[in-house]
Amino acid sequence: MPNTQRTVLALSPLLPPEMAKLETRFKTVRLYNESDPEKALQAVKNDVVGIISNPATPVRRGLIEALPNLEIVTQFGVGVDNIDFEATRERGIAVTNTPDVLTDDTADIAVSLLLSLSRRICEADMFVRVGKWGTTPMPLGVTPKGKTVGIVGLGRIGKAIAKRLVAFDMRVVYHGRKQKAELAWPFYSDLEKMAADCDYLVLACSGGPDTYHIVNARVLEALGPKGYLVNVARGSVVDEEALVDALVNKRIAGAGLDVYAHEPNVPDPLKTMDNVVLLPHIGSATVETRTIMGEIVLANLESHFSGKPLITKVA
Ligand code: 8YV
């Protein structure tokens, strides 16, 4: 069957140029534009052979079972914790993602958050805008130089963060599933112990059941009143209620967050705090990276339907 007759269900968009390319190659259903997505899904469910998803669009058993001819899920993102792998595996449905290309941009956001917190960048910007400069002293920041940063998850993104922070003369330690023999940085198997020894805790691990709420009240207590938390991983890694409580009660010094437990909802108490920097999940959000991510999604669809090996297969 020519690809132009094959139906791809887009749960979320690629950038416009890649959406335009997609439309020349596949019949494209933009579910995210539909006023009644359930009705739209019913109308095409037997035709859909591919899905485009992202970390914010669940691809759970119910959806997979509703699409009897589904062959491939192409994720616009590296993290795949929104996908039910048990259900895809049972049906032999392929899953692809967009690794590597977003590593540097995401690491840059982690470093931006760490520096913004340390040097009070957002607070200082507001200080100027509201006319406080010259009327009262701007509170001092703290230097990251010589401090210890504990990275949770020293995979591709974690390593890119470490590389950058070494250049800021920070001491790197890490926690993860297992110690990596090729890395000289000290490894902690116990996250609470690592938090106690750190000035900054930076989360760069995968989401999902293995890391669910591993940053809990005890870990935050261990990080302590001078410690900062940075999260560019997944909101699910942190017990968000415990985080709000730790910030309200000044049990940690501050937090820089790109991800949340229930995006796009951000707990209201965080929005009024000077020592918290809040970003709307922009780790990979540059024109260059989002373009190449879209190209990878397209290349995986093309490869799959022309019987070639997938470019970036997860399962
Ligand atoms: C998203 C991300 O892909 O790659 C990931 O896992 O969380 C982000 O880069 C991005 O928000 C696009 O959906």
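Counting convention: from 1, in listed order, for ligands and their atoms alike. As the structure is a prediction and not an experimental result, all values here were calculated from the model.
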**Q** What atoms in ligand 1 come closer than 4.0 Å to a heavy atom of H281?
**A** 2 (C), 7 (O), 8 (C), 11 (O)
**Q** Quick one: which ligand 1 atoms are inside 4.0 Å of a heavy atom on M293?
**A** 3 (O)
**Q** Is it true that D105 and T289 share a donor-acceptor pair across their side chains at a distance under 3.5 Å?
**A** yes
**Q** Identify whether the distance between the nearest side-chain nitrogen and carboxylate oxygen of R91 and E65 falls below 4.0 Å.
**A** no
**Q** Applying side chain to side chain donor-acceptor pair (under 3.5 Å) to Y200 and S118, what does each step give before you reach the verdict?
**A** CA-CA 10 Å; Y200 299 83; S118 307; 2.7 Å; yes
**Q** Considering only the protein, which heavy-atom contact is closest to atom 9 (O) of ligand 1, and what is its distance?
**A** S284 OG, 2.7 Å
**Q** At less than 4.0 angstrom from any non-hydrogen atom of N54, what atoms of ligand 1 do you find?
**A** 13 (O)
**Q** Salt bridge or not between D100 and R156? Use side-chain N to carboxylate O under 4.0 Å.
**A** yes
**Q** Hey, does R234 sit under 4.0 Å from ligand 1 if you only count heavy atoms?
**A** yes
**Q** Using a strict cut-off of 4.0 Å, indicate which atoms of ligand 1 neighbour a heavy atom of P55.
**A** 1 (C), 2 (C), 3 (O), 5 (C), 6 (O), 7 (O), 13 (O)
**Q** Do S53 and Q75 pass the side chain to side chain donor-acceptor pair (under 3.5 Å) test, and can you show the C-alpha distance, the side-chain angles, and the key distance before you say yes or no?
**A** CA-CA 5 Å; S53 55; Q75 171 91 335; 2.7 Å; yes
**Q** List ligand 1 atoms under 4.0 Å from V78, heavy atoms only on the residue side.
**A** 4 (O), 5 (C), 6 (O)
**Q** Kindly confirm or rule out an N or O of G79 lying under 3.5 angstrom from an N or O of ligand 1.
**A** yes
**Q** Between K39 and Q42, do the side chains contain an N or O donor and an N or O acceptor separated by less than 3.5 Å?
**A** no
**Q** Under a 4.0 Å N-O cut-off, is there an ion pair linking D169 with K145?
**A** yes
**Q** Give the residue, atom name and distance (to 0.1 Å) of the protein heavy atom nearest atom 11 (O) of ligand 1.
**A** R290 NH2, 3.4 Å
**Q** With a 4.0 Å cut-off, would you call R129 and D125 a salt bridge?
**A** yes
**Q** Out of all atoms in ligand 1, which are within 4.0 Å of some heavy atom of G77? Include the element for each.
**A** 3 (O), 4 (O), 5 (C)
**Q** Closer than 4.0 Å to some heavy atom of L102 - which atoms of ligand 1 meet that?
**A** 4 (O), 9 (O)
